[in-house]
Enquirer: 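Just dropping this structure here.
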Amino acid sequence: EAHFEGYVGMLKDGALKGDLLQGMLLDSWECNTQTWTVKMEQEFERVTGYELREWLPAVIGYVIDDPETTSRFLLDWRTTISDLYANKFYRRMAELGHERGLSVMYETAAGDVFPADILEYFKYADVPMCEFWSPLSDTFVGTLEFKPIKPTASAAHLYGKTRVAAEGFTSFFNTWDEHWQMLKEIANRNLAEGVSHVVFHTYTHNPYVDFLKPGSGFSKWGTPFVREQTWWKYMPYFTAYLARAGYMLERGRPVADVLWYLGDEVGHKPYQATGNGKIQKGHIRFPEGYKYDYCNPDILLNRLSVKDGCIVTPEGVTYKVLWIPENERMLPETIDKIGELIRAGARVISNAPQSPATLNQEVASRFEDSVSSVW
């Protein structure tokens, strides 16, 4: 709140009063991982239902009682941190922006730098935003896996957002040999992944004009979209192409076959198996020929129903099957919801969870009954 009032709020109420400032963008999370606040113990008990202090040694690597008990506590710990990021920061910033009449856009954060729910915080954005890099290459930075579009696009589809923005053409190096075929191929790959609105990284508003052409870029970062570029006079063709593609992508409803439930174990976004057939540890091979969206606990519990045998959102996006590839631990309320969907005619592919995804004994006591009612 202090940051907002001292920056965006000050501009909106002062130099950019009225309609001059219409929105705010929160960039990707680039300030390491915050895991504490002065009210952390109260917040932990609010989210989990039990006290934190005696379990703190587990946060710095100690095993308490046994590995399974410790793992269940750490799930509660990460769930609390995820709740704080989503609500105390992203939700509150959106509220403050909306109170000033601003649209709110923000980039990826959870599951990228810190472990948290990779979808829920996006529900507070007017426009969820991700990023894609250039050039395309076989190394990690140049692949679609480096900054995957899927979490942001999935959040948009399942929370009823029509636009998926992306910081586009970010790069570690300025080579000054970028050309239209290269840029269009990168754009096409990411438009196909779900992006519908490109935010250039980087356009130089005031390039040096008394300097060697094409002038200045943004240090070594980004693709130099500067008006002294040799191809700048053709830029309207490129922006018109992106505008037409984005316009069409934001019409109608997204289509996917599978809804991939990420589970109750909060962490980083999953990695897909590589195209060379090798499956590294932690990678999941998704069947070729099918499209999917990710699903989180909030969406599963609050936004899904069944119609004509398909899983459907309030906006009418449908999926043929709910897929849960990793399901070691789960909360009773999640199991109950899955049972509700099955009884309504939904198709669900999953193994039975082995233990509750919490250390809260009152919640965990319902686990066995919930499992036996579904599996």
Side-chain angles (χ1 to χ4, degrees), residues 25-29 86 90 103-112 116-134 136 143-170 185-199 201 242-263 268-272 284 286-300 303-304 311-323 325:
L25 163 62
L26 281 64
D27 202 349
S28 53
W29 192 272
Y90 285 100
S103 64
V104 179
M105 180 188 303
Y106 42 76
E107 290 192 33
T108 51
D112 191 10
D117 189 309
I118 67 174
L119 304 179
E120 186 172 0
Y121 66 110
F122 275 130
K123 75 179 179 180
Y124 301 118
D126 297 305
V127 179
M129 186 171 175
C130 45
E131 59 186 274
F132 62 84
W133 288 55
S134 66
L136 295 173
T143 65
L144 295 177
E145 194 64 68
F146 175 56
K147 293 285 186 178
I149 306 301
K150 185 62 68 177
T152 311
S154 296
H157 298 165
L158 288 155
Y159 281 118
K161 317 288 183 178
T162 57
R163 171 165 292 180
V164 178
E167 171 194 306
F169 308 104
T170 310
E185 176 62 19
I186 295 169
N188 287 344
R189 290 277 297 271
N190 288 280
L191 290 170
E193 288 291 304
V195 172
S196 65
H197 180 77
V198 178
V199 180
H201 190 325
L242 295 177
R244 287 197 302 269
Y247 177 86
M248 295 304 298
L249 287 169
E250 291 175 7
R251 298 303 179 272
R253 298 191 184 107
V255 176
D257 305 282
V258 178
L259 191 57
W260 176 345
Y261 183 58
L262 297 171
H268 287 285
K269 49 183 170 279
Y271 289 107
Q272 286 280 274
I284 296 177
F286 188 83
E288 294 183 5
Y290 296 90
K291 290 188 68 177
Y292 67 91
D293 278 330
Y294 293 139
C295 176
N296 67 346
D298 178 61
I299 291 166
L300 179 75
R303 292 186 57 81
L304 299 183
I311 299 167
V312 61
T313 70
E315 293 76 26
V317 180
T318 61
Y319 302 89
K320 295 179 180 178
V321 63
L322 179 67
W323 185 48

Enquirer: According to salt bridge (Lys or Arg N to Asp or Glu O under 4.0 Å), does anything in residues 157-169 pair up with another residue at least two apart or in another chain? List the pairs.
Expert: Arg163-Glu250
Enquirer: Sort out for me which residue in Glu131, Met129, Glu107 forms a side chain to side chain contact (heavy atoms under 4.5 Å, CB included) with Asp27.
Expert: Glu107
Enquirer: Report the distance from atom CG of Asp117 to atom CZ of Phe122, rounding to the nearest 0.5 Å.
Expert: 11.0 Å
Enquirer: Name the one of Thr152, Val127, Leu249 that satisfies side chain to side chain contact (heavy atoms under 4.5 Å, CB included) with Val164?
Expert: Thr152
Enquirer: How long is the gap from CZ on Phe132 to CZ on Phe169, to the nearest 0.5 Å?
Expert: 4.0 Å
Enquirer: Please name all residues satisfying side-chain hydrogen bond (donor to acceptor under 3.5 Å, both in side chains) with Thr108, sequence neighbours left out, ordered by chain then number.
Expert: none
Enquirer: Please, which pairs that meet salt bridge (Lys or Arg N to Asp or Glu O under 4.0 Å) have at least one residue in residues 120-130, sequence neighbours excluded?
Expert: Glu120-Lys123, Lys123-Asp298
Enquirer: Of the non-hydrogen atoms in Glu315 and Arg253, which two are nearest, and what is the gap between them?
Expert: O-NE, 2.8 Å
Enquirer: For the residue pair Tyr90 and Trp29, does the interplanar ring angle fall in the parallel (under 30°), tilted (30 to 60°) or perpendicular (over 60°) class?
Expert: tilted
Enquirer: When you compare the side chain of Leu259 with that of Ile299, does any pair of heavy atoms fall below 4.5 Å?
Expert: no
Enquirer: Side chains of residues 185-195: which donor-acceptor partners sit under 3.5 Å, not counting sequence neighbours?
Expert:
residue: Asn188; atom: OD1; partner: Tyr241; partner atom: OH; Å: 2.5
residue: Asn188; atom: ND2; partner: Lys184; partner atom: O; Å: 3.4
residue: Asn190; atom: ND2; partner: Ile186; partner atom: O; Å: 2.9

Enquirer: Do Trp133 and Phe146 have ring centres separated by under 6.0 Å?
Expert: yes
Enquirer: How far does CG of Asn296 sit from CD1 of Ile118, to the nearest 0.5 angstrom?
Expert: 8.0 Å
Enquirer: Could you list the residues that satisfy side-chain hydrogen bond (donor to acceptor under 3.5 Å, both in side chains) with Tyr106, not counting sequence neighbours?
Expert: none
Enquirer: Please find the pair of heavy atoms, one from Pro297 and one from Gly263, that lie closest to each other, and give the distance.
Expert: CG-O, 3.7 Å
Enquirer: Within a radius of less than 6.0 Å around OH of Tyr247, do more than 12 heavy atoms belonging to other residues, nucleotides or ligands occur?
Expert: no
Enquirer: Side-chain contact, heavy-atom cut-off 4.5 Å: Lys147 with Cys130?
Expert: no
Enquirer: Which pair of heavy atoms, one from Val317 and one from Pro254, lies closest together, and at what distance?
Expert: CG1-O, 3.8 Å
Enquirer: Could you check whether any side-chain N or O of Tyr159 sits under 3.5 Å from a backbone N or O of Pro128, counting only pairs where one atom can act as donor and the other as acceptor?
Expert: no
Enquirer: Out of the candidates Val258, Asp257, Asp293, only one should pair with Tyr319 under the side chain to side chain contact (heavy atoms under 4.5 Å, CB included) rule; please name it.
Expert: Asp293
Enquirer: Among all residues two or more places apart in sequence or in another chain, which pass the side-chain hydrogen bond (donor to acceptor under 3.5 Å, both in side chains) test with Tyr124?
Expert: Asn87
Enquirer: Using 0.5 Å steps for rounding, measure from the CD1 atom of Ile311 to the OG1 atom of Thr318.
Expert: 10.0 Å
Enquirer: To the nearest 0.5 Å, how far apart are CG in Leu304 and SG in Cys295?
Expert: 5.0 Å
